[in-house]
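Reading through the structure tokens given below for one structure.
Being a predicted model, the structure only gives us computed values, none of them experimental. When a ligand or atom number is given, it counts from 1 through the structure's own listing order.
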Amino acid sequence: MVKICCLGAGYVGGPTMAIIALKCPAIEVVVVDISAARIAAWNSDQLPIYEPGLDEVVKSCRGKNLFFSSDVEKHVLEADIIFVSVNTPTKTRGLGAGKAADLTYWESAARMIADVSKSDKIVVEKSTVPVKTAEAIEKILTHNTKGINFQILSNPEFLAEGTAIQDLLNPDRVLIGGRQSPEGQKAVEALKAVYANWVPEDRIIATNLWSAELSKLAANAVLAQRISSVNAMSALCEATGADVTEVAYAVGKDSRIGPKFLNASVGFGGSCFQKDILNLIYICECNGLMEVANYWKGVIKINDYQKSRFVNRVVASMFNTVSGKKIAVLGFAFKKDTGDTRETPAIDVCKGLLGDKANISIYDPQVTEDQIQRDLSMNKFDWDHPPHLQPMSPSAIKQVSVVWDAYEATKDAHGVCILTEWDEFKTLDYQKIYDNMQKPAFIFDGRNIVDLEKLRKIGFIVYSIGKPLDPWVKDLPASA
Ligand code: NAD
Ligand code: UDX
């Protein structure tokens, strides 16, 4: 029986290994983590992450060929293939701070693998890493070798949260990069054989190591660039009376462009896009490619602009101040169908509103009060560390309350900001919400999910990203 061990029981390691276990009954899969609490949660009825369909997959395999354990060294020792899916945060100090990837967790994983191993291993980079990381990892592994052969593969993960199970079951492609040597190619074939249990052969792409590593950063950069492109257009739509949804539809109908990832929003969030683009920028700078670095910086600049533009709209529309006013925030996760709040635009929007002394009442169907309070207090990039190494919860911000119902959040509010596109926000009883709000009642839709005309008929003043402006908003100074 082939044995697989995965270091890192997070958003990638957990679901990916669960699908491998589901599709490969002849393989034993053990997911290990340095966070005992995370492992305990994976072994409980309350999994540590919310992902549609994940519970069912875990329940059907756990205890059969899928295990979660804190005994990291034992399972590394026994494994034939070791996936490394640990955190690769943005560095906050020293060389490359604010851009470069911090490979502390990866390096310590590699050193541990080198120390513990007594047989040949295939070590698979699942984490997103800077191009050429495999070379460094190889050095760490081979310098400690006791005659053991380590083959490093790059097998980046392309799943998106909220659809992780579907993405893993039916991936657009599986990318495997390896050394061009016979041993390297043998390792590539071994990993291919795992995926071939459910992924059609023509979707499994083999490349060299550096292409695989760089393709992951490139894919995320291009996806984020599409969003920044449409978000940049949304500002122009507001200035000219065009409708960004109509523009995006018309643009996406070009078969060379395609319709996906053209939804204007309050900004992209999530643990990957910003971090990976910063990482790409740093690599470009290290290679002296300043123009290329600046090109990608633009994607992040527009994203930051989009978030601050949204806050400015809210404040400017509400008579240039939200001080002491109740603002309801509907949705805090970075997208629907996940409880993940890493780099969610809601953090920046809420901080902006708090900066103008608003009182905020937040409702998200999947995010806890503790998480929201921590997110609003944490320093930039501090979120991307193993759970037990993250900063303790500071004292709660008094101007922020978290409630478990959209009607409670909006009661007596002066304004409502929709920051996540949860389906349930489309079907709320907006007449009831309007009746219970202060007047004039404002809605700022950061996800373009509400029916503008319907809400305007009820009496709301509505702002929706990239849509023709409400006369009320239109008459405000252009700086908004
Ligand atoms: P995560 O924070 O959810 O999980 C990482 C886990 O690794 C944590 O539980 C941590 O305790 C554990 N860990 C850290 N060092 C360890 C060690 N030495 N041994 C064992 N466990 C260790 O992160 P994630 O979202 O799963 O992301 C993991 C990697 O995958 C990152 O490089 C990320 O950029 C990449 N990635 C993430 C996504 C996504 O959607 N979240 C998608 C593709 C790629
Ligand atoms: C992303 C990549 O899609 C995935 O391939 C990679 O493995 C990890 O990073 P994820 O961050 O989970 O996945 O979600 P994604 O669906 O890409 O959304 C990222 C952010 O962009 C979200 O905040 C989302 O709301 C936003 N978005 C997405 C838009 O604003 N407009 C769009 O059209 C699409």
Closer than 4.0 angstrom: is that true for some heavy atom of Ile34 and an atom of ligand 1?
yes
Review item, side-chain donor-acceptor pairs of residues 88-95, under 3.5 Å, at least two apart:
unit_1: Thr88; atom_1: OG1; unit_2: Thr128; atom_2: O; d: 2.9
unit_1: Thr88; atom_1: OG1; unit_2: Lys275; atom_2: NZ; d: 3.1
unit_1: Lys91; atom_1: NZ; unit_2: Leu95; atom_2: O; d: 2.8

Distance under 4.0 Å, heavy atoms only, partner ligand 2: which residues pass?
Glu157, Phe158, Leu159, Ala160, Glu161, Lys216, Asn220, Leu223, Ile227, Phe261, Leu262, Asn263, Ser265, Phe268, Gly269, Cys272, Phe273, Phe334, Lys335, Arg447
Between Lys336 and Thr338, is any side-chain donor less than 3.5 angstrom from a side-chain acceptor?
no
From Asn87, Thr16, Thr128, Asp340 - option closest to atom 44 (C) of ligand 1 by heavy atom:
Thr128
Identify all side-chain donor-acceptor contacts of residues 254-261 below 3.5 Å with residues at least two apart in sequence or on another chain.
unit_1: Asp254; atom_1: OD1; unit_2: Arg256; atom_2: N; d: 2.8
unit_1: Asp254; atom_1: OD1; unit_2: Arg256; atom_2: NE; d: 3.1
unit_1: Asp254; atom_1: OD2; unit_2: Arg256; atom_2: NH2; d: 2.9

Without hydrogens or angle criteria, can the side chains of Asn155 and Tyr195 be said to hold a donor-acceptor pair below 3.5 Å?
yes
Quick one: which ligand 1 atoms are inside 4.0 Å of a heavy atom on Tyr105?
15 (N), 18 (N)
Within the 3.5 Å criterion, strictly below it, is a donor on Trp210 or Glu135 matched to an acceptor on the partner's side chain?
no
At under 4.0 Å between heavy atoms, is it the side chain or the backbone of Cys272 that contacts ligand 1, or both, or neither?
side chain
With heavy atoms and a 4.0 Å threshold, my read on which part of Lys216 contacts ligand 1 is side chain
Do any N or O atoms from the side chain of Lys146 and from the backbone of Ser117 form a donor-acceptor pair under 3.5 angstrom?
yes
Per-residue contact class, Ser271 against ligand 1 - non-hydrogen pairs under 4.0 Å
side chain
Before signing off on this row, confirm whether Asp33 and ligand 1 have an N or O atom pair separated by under 3.5 Å.
yes
Which protein non-hydrogen atom lies closest to atom 33 (C) of ligand 1, naming both residue and atom, and how far is it?
Lys275 NZ, 3.6 Å
Counting only heavy atoms not in Tyr50, do more than 12 fall under 6.0 Å of its OH?
yes
Selection from Gly8, Gly10, Pro89, Ala9 by shortest heavy-atom distance to atom 4 (O) of ligand 1:
Gly10
Starting from atom 32 (O) of ligand 1, what is the nearest protein heavy atom, named by residue and atom, and what distance separates them?
Thr88 OG1, 2.6 Å
Specify whether Tyr363 and Phe425 have parallel, tilted or perpendicular ring planes, treating 30° as the upper limit for parallel and 60° as the lower limit for perpendicular.
perpendicular
Tell me which protein heavy atom sits closest to atom 42 (C) of ligand 1, plus the residue, atom name and distance to 0.1 Å.
Val12 CG2, 3.6 Å
Looking only at distances, can you tell me whether any N or O atom of Lys126, backbone or side chain, sits closer than 3.5 Å to an N or O atom of ligand 1?
no
With sequence neighbours excluded, what pairs up with Tyr282 under the ring pair (Phe, Tyr, Trp, His ring centres under 6.0 Å) test?
none
Distance from atom 40 (O) of ligand 1 to nearest protein heavy atom, with residue and atom:
Glu161 OE2, 3.2 Å
Using the benzene-type ring in the case of Trp, are the ring centres of Phe67 and His75 under 6.0 Å apart?
no
For atom 43 (C) of ligand 1, the closest protein heavy atom turns out to be Glu157 O, 3.2 Å
Interfacing atoms of ligand 1 (cut-off 4.0 Å, heavy-atom, Tyr11):
3 (O), 24 (P), 25 (O), 26 (O), 41 (N)
Polar side-chain atom of Glu125 near backbone of Pro156 as donor-acceptor pair, under 3.5 Å:
no
If you measure only the distance, is there a donor-acceptor pair under 3.5 Å linking the side chains of Asp337 and Trp422?
no
For the residue pair Ser69 and Asp71, confirm or rule out a side-chain donor-acceptor distance under 3.5 Å.
no
Report the nearest protein non-hydrogen atom to atom 23 (O) of ligand 1: residue, atom name, distance rounded to 0.1 Å.
Arg342 NH1, 3.6 Å
How about Lys301: does its NZ atom have over 12 heavy atoms from other parts shown lying under 6.0 Å from it?
no
Selected option - heavy-atom contact closest to atom 29 (C) of ligand 1, from Thr338, Ile113, Val86:
Val86
Asn303 side chain to Gly267 backbone, donor-acceptor under 3.5 Å:
no
Is the closest heavy atom of His388 to ligand 1 under 4.0 Å?
no
among protein heavy atoms, the one nearest atom 1 (P) of ligand 1 is Arg38 NH1, 3.5 Å
Tell me which part of Glu125 gets within contact of ligand 1: side chain, backbone, both or neither, using heavy atoms under 4.0 Å.
neither
Do we get Arg173 above Phe158's six-membered ring, with its NZ or CZ under 6.0 Å from the centre and within 45° of the axis?
yes
Which of these passes side-chain hydrogen bond (donor to acceptor under 3.5 Å, both in side chains) with Gln306: Ser228, Ser265, Ser234?
Ser234
Specify side chain, backbone, both or neither for Pro386, according to which of its non-hydrogen atoms lie closer than 4.0 Å to ligand 1.
both
Atoms in ligand 1 flagged as close to Ser108, the criterion being non-hydrogen separation under 4.0 Å:
18 (N)
